[in-house]
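Here is the naming used below: chain letters follow the sequence lines, and residue numbers restart at 1 for every chain.
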Amino acid sequence: LDVCNALIKSLFKACKYEEAELLYLKMEGMGLIPNDVTYSILIEWYSKNGRMDKAFEIYRKMVDLCVVASIYPYTCLLNGYSQLGEMKKAESIFHDMVEKGVKPNVVTYTSLISGYCKQKEMKVAFKLFCNMCERGIAPNTYTYTALISGFCRVHMIPDAVKLFEEMVQRKIPPNEVTYNVLIDGYCQEGNTVRAFQLYDEMLQKGLVPDSYTYRPLISGLCRAGRVSEAQEFVNDLCGEKSRLNEICLSALLQGYCQEGRLSEAYNACKKNLATGVEMDIVCYTVLIYGALKRNDKRELFRLLKEVHDNGLTPD
RNA sequence: ACAAAAUCGGC
């Protein structure tokens, strides 16, 4: 059974969706009764592929067959609804599990909280956070990060910062993702100074920045009209093995294009191509808008040809 | 070491 579960999981991972499903259907014939791990894997996979109907069907089947279930299948299904913003359904799973005597844990709560944060329902999200604390469920780095990200998304930086300080006090260590969301928050507010302070702080702590860190910083500098500084920042990063990607590049290109500095944008592309960052369709779209704005038909056609030559599909 | 939760780009 364990082997079967592992196999189903890896088939899904390899996107061999039909074979995974087939194996699941064949299990019974092989004298294997799917357990809650099997159901969790199936529910998670369907959830993450927008097939909540199938996910729920599997869940129903599990319930109907009275499979003794751990917390996993519930949390997987709840997370599926939560990420899609179907909060009513997520809540109903929450109540289902409580009824069945399965106690929601920190992952369950964090998943729900994250769902409300994505819906910008910060009051509800924060209330859930208080509830879980009252029930003696200790929040962790994921929980705090979800909330901080939520507050940043609705431009409530002071609340985000308050939570950040609180987690440090409670010895719940912020990690890379926590720093990334706060840095992004500050950059969106135009506070690049504070953003770079946090960037330095994370380096000091030995945390490793990545494209999720760089992209906000690049965008932040560009939006402040400091495109050249953004370029320098990128140049400095190219030295080491770069964690820059096409998303960071698109942010830089947009900075150039908004100032009408197209030739510098093209140079930036060349430089980044040399370091292994490939242009994707969004990068080209940014350049195309730049060329359009300047009525540069020649460049426009050259770009469209390049898109085609690189095997990309215009959208 | 059989399963679950948090962060990005163009229009």
Enquirer: Of the residues in residues 124-143 of chain A, which ones touch RNA chain B at a heavy-atom distance under 4.0 Å?
Expert: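 Result for residues 124-143 of chain A: A:N140, A:Y142, sorted by number.
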Enquirer: Residues from residues 79-104 of chain A sitting under 4.0 Å of RNA chain B, heavy atoms only?
Expert: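 Contacts with RNA chain B under 4.0 Å: A:N79, A:Q83.
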Enquirer: Only pairs at least two apart or in different chains count here, so list each salt bridge (Lys or Arg N to Asp or Glu O under 4.0 Å) that has a residue in residues 74-96 of chain A.
Expert: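 Residue pairs with at least one partner in residues 74-96 of chain A: A:E86-A:K89.
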Enquirer: Taking atom types as modelled and ignoring hydrogens, do the side chains of A:Y256 and A:Q231 form a donor-acceptor contact shorter than 3.5 angstrom?
Expert: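 Distance-only check passes for A:Y256 and A:Q231.
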Enquirer: Atom CG of A:L221 and atom SG of A:C187: how far apart are they, to the nearest 0.5 Å?
Expert: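 Atom-to-atom, A:L221:CG and A:C187:SG are 7.0 Å apart.
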Enquirer: What are the residues of residues 286-297 of chain A, sorted by number, that bring a heavy atom to within less than 4.0 Å of RNA chain B?
Expert: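 Output list: A:V286, A:Y289.
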Enquirer: Can you confirm whether A:K100 is buried at NZ, in the sense that more than 12 heavy atoms of other residues, nucleotides or ligands lie under 6.0 Å from that atom?
Expert: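 It does: A:K100 NZ has more than 12 such atoms within range.
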Enquirer: Applying a 4.0 Å non-hydrogen cut-off, can you work out what A:S149 is touching in the nucleic acid: base, sugar-phosphate, or nothing?
Expert: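 Sugar-phosphate only.
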Enquirer: Evaluate whether atom NZ of A:K205 has more than 12 neighbouring non-hydrogen atoms of other residues, nucleotides or ligands under 6.0 angstrom away.
Expert: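 Counting other residues, nucleotides and ligands, NZ of A:K205 exceeds 12 neighbours.
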Enquirer: Using a 4.0 Å cut-off on heavy atoms, which residues in residues 308-315 of chain A reach RNA chain B? List them by number, or say none.
Expert: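 Residues of residues 308-315 of chain A under 4.0 Å from RNA chain B: A:D315.
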Enquirer: Students often get this wrong, so: under 4.0 angstrom with heavy atoms, is A:S111 touching a base, only sugar-phosphate, or nothing?
Expert: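 Sugar-phosphate, backbone atoms only, no base.
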Enquirer: Parallel, tilted or perpendicular: which describes the rings of A:F12 and A:W45, with under 30° parallel and over 60° perpendicular?
Expert: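 Aromatic pair A:F12/A:W45 classed parallel.
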Enquirer: Sequence neighbours left out, what passes salt bridge (Lys or Arg N to Asp or Glu O under 4.0 Å) with A:K120? Give chain and number order.
Expert: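 Salt bridge (Lys or Arg N to Asp or Glu O under 4.0 Å) list for A:K120, sorted by chain: empty.
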Enquirer: Thinking salt bridges, do A:E166 and A:K162 make one under a 4.0 Å N-O criterion?
Expert: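 No, no charged N to carboxylate O under 4.0 Å.
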Enquirer: Indicate yes or no: at least one non-hydrogen side-chain atom of A:L78 is less than 4.5 angstrom from one of A:Y59.
Expert: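 Answer no - side chains too far apart.
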Enquirer: Applying side chain to side chain donor-acceptor pair (under 3.5 Å), can you list everything that pairs with A:T38, at least two apart in sequence or on another chain?
Expert: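 Once residues adjacent in sequence are excluded, the partners of A:T38 under the side chain to side chain donor-acceptor pair (under 3.5 Å) criterion are A:N5, A:N35.
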Enquirer: Using a cut-off of 4.0 Å on non-hydrogen atoms, how would the nucleic acid contact of A:K13 be classed: base, sugar-phosphate, or nothing?
Expert: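 No contact at all - A:K13 keeps every heavy atom at 4.0 Å or more from the nucleic acid.
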Enquirer: Applying ring-ring contact (aromatic ring centres under 6.0 Å, His included), which residue pairs with at least one partner in residues 281-315 of chain A are found, sequence neighbours left out?
Expert: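 The answer is none; no pair qualifies.
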Enquirer: Using a strict 4.0 Å threshold on nitrogen-to-oxygen distance, state whether A:D53 and A:R51 make a salt bridge.
Expert: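 Between A:R51 and A:D53 there is a salt bridge, with a charged N closer than 4.0 Å to a carboxylate O.
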Enquirer: If every non-hydrogen atom of A:V67 is compared with every non-hydrogen atom of A:D36, which pair is closest and at what distance?
Expert: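 The answer is CG1-N, 3.9 Å.
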Enquirer: Kindly write out the residues that satisfy salt bridge (Lys or Arg N to Asp or Glu O under 4.0 Å) with A:D64, not counting sequence neighbours, or none if the list is empty.
Expert: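 Listed in chain order: A:R60.
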Enquirer: Quick check, are the ring centers of A:F126 and A:Y116 under 6.0 angstrom apart?
Expert: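 Centroid separation for A:F126 and A:Y116: 6.0 Å or greater.
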Enquirer: Is it the case that the side chains of A:R223 and A:T192 hold a donor-acceptor pair, with the cut-off being a distance below 3.5 Å and no angle test?
Expert: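 Not at all, the side chains of A:T192 and A:R223 share no donor-acceptor pair under 3.5 Å.
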Enquirer: Which is the 5'-most and which the 3'-most nucleotide of RNA chain B that has an atom under 4.0 Å from a heavy atom of chain A?
Expert: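 Contact boundaries, 5' end first: B:C2 to B:C11.
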Enquirer: Give A:C283 one of three labels, base, sugar-phosphate or nothing, depending on what nucleic acid heavy atoms sit under 4.0 Å from its own.
Expert: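 Answer is base: heavy atoms of A:C283 come under 4.0 Å of a base.
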Enquirer: Got a sec, which pairs hit side chain to side chain donor-acceptor pair (under 3.5 Å) with one end in residues 22-33 of chain A, sequence neighbours left out?
Expert: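 Residue pairs passing side chain to side chain donor-acceptor pair (under 3.5 Å), neighbours aside: A:Y24-A:K61.
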Enquirer: Which ones in residues 54-69 of chain A lie close to RNA chain B, meaning a heavy atom under 4.0 Å from one of its atoms?
Expert: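 When residues 54-69 of chain A is checked for heavy atoms under 4.0 Å from RNA chain B, there are no hits whatsoever.
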Enquirer: Is it the case that more than 12 heavy atoms not belonging to A:L273 sit under 6.0 Å from its CG atom?
Expert: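 Atom CG in A:L273 is crowded, with more than 12 foreign heavy atoms closer than 6.0 Å.
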